[in-house]
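Predicted, not measured: the structure shown is a model, and the values here were computed from it.
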Amino acid sequence: MTSTEHRAGAEVDQYLSPAQVASLLPGLTENALAIRRHRHKEPAFCRFGRTVVYPLADLQAWIAASTVKAQKHG
């Protein structure tokens with residue numbers, strides 16, 4: 001495998017299909033993702049013709065930004 005082939009393969013691994021995203025995030029269906037795309041809401045996505053993929057780094061950032069920290073009650 002050449003270094004170019006290796007880099008291209010690594011880049012493809014950095015994207016998830018809507019089905020993969022839906023299987024990873026409980027309560028988030030492919031239909032819900034489609035609605036979010038239509039409304040231009042996060043998570044960020046890339047469209048290549050009819051193919052939609054989600055950059056893994058953007059998904060991780062969206063999850064981190066959506067995390068609610070618990071507060072201590074004292």
Side-chain angles (χ1 to χ4, degrees):
M1 177 183 301
T2 68
S3 62
T4 303
E5 291 171 333
H6 185 268
R7 280 196 309 267
E11 291 173 9
V12 171
D13 291 344
Q14 300 300 313
Y15 296 90
L16 298 176
S17 70
Q20 290 172 310
V21 174
S23 71
L24 290 174
L25 298 174
L28 190 60
T29 64
E30 288 184 66
N31 189 50
L33 287 167
I35 291 168
R36 294 183 74 81
R37 286 193 305 271
H38 179 74
R39 294 179 179 169
H40 301 279
K41 292 189 173 190
E42 292 187 292
F45 64 93
C46 300
R47 185 182 304 276
F48 303 103
R50 291 185 174 196
T51 301
V52 173
V53 293
Y54 291 86
L56 184 56
D58 288 335
L59 279 171
Q60 291 169 331
W62 180 59
I63 291 167
S66 299
T67 301
V68 177
K69 303 287 183 182
Q71 295 180 4
K72 291 183 181 181
H73 293 284

Give the table of side-chain donor-acceptor pairs shorter than 3.5 Å for residues 49-60, with sequence neighbours excluded, one pair per line with atom names and distance.
from, atom 1, to, atom 2, distance (Å)
Y54, OH, R37, NH1, 2.7

Exercise. Report the distance from atom CG of L16 to atom CG of L33, rounding to the nearest 0.5 Å.
Key: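 Answer rounded to 0.5 Å: 10.5 Å.
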Quiz item: Under the side-chain contact (heavy atoms from CB on, under 4.5 Å) test, which residues partner R39, sequence neighbours left out?
Solution: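 Checked R39 against side-chain contact (heavy atoms from CB on, under 4.5 Å); matches are I35, K41.
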Quiz prompt | Non-hydrogen atoms of R36 and P43 that approach each other most closely | solution =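 That closest heavy-atom pairing would be NE-CD, 3.9 Å.
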Practice problem: Carefully, step by step, assess F45 and V21 under the rule side-chain contact (heavy atoms from CB on, under 4.5 Å). | Solution: CA-CA 11 Å; F45 64 93; V21 174; over 6 Å; no
Practice problem: Might you confirm whether atom OH of Y15 has over 12 heavy atoms from other residues, nucleotides or ligands at distances under 6.0 Å? | Solution: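 At most 12 heavy atoms, drawn from other residues, nucleotides or ligands, come within 6.0 Å of this atom.
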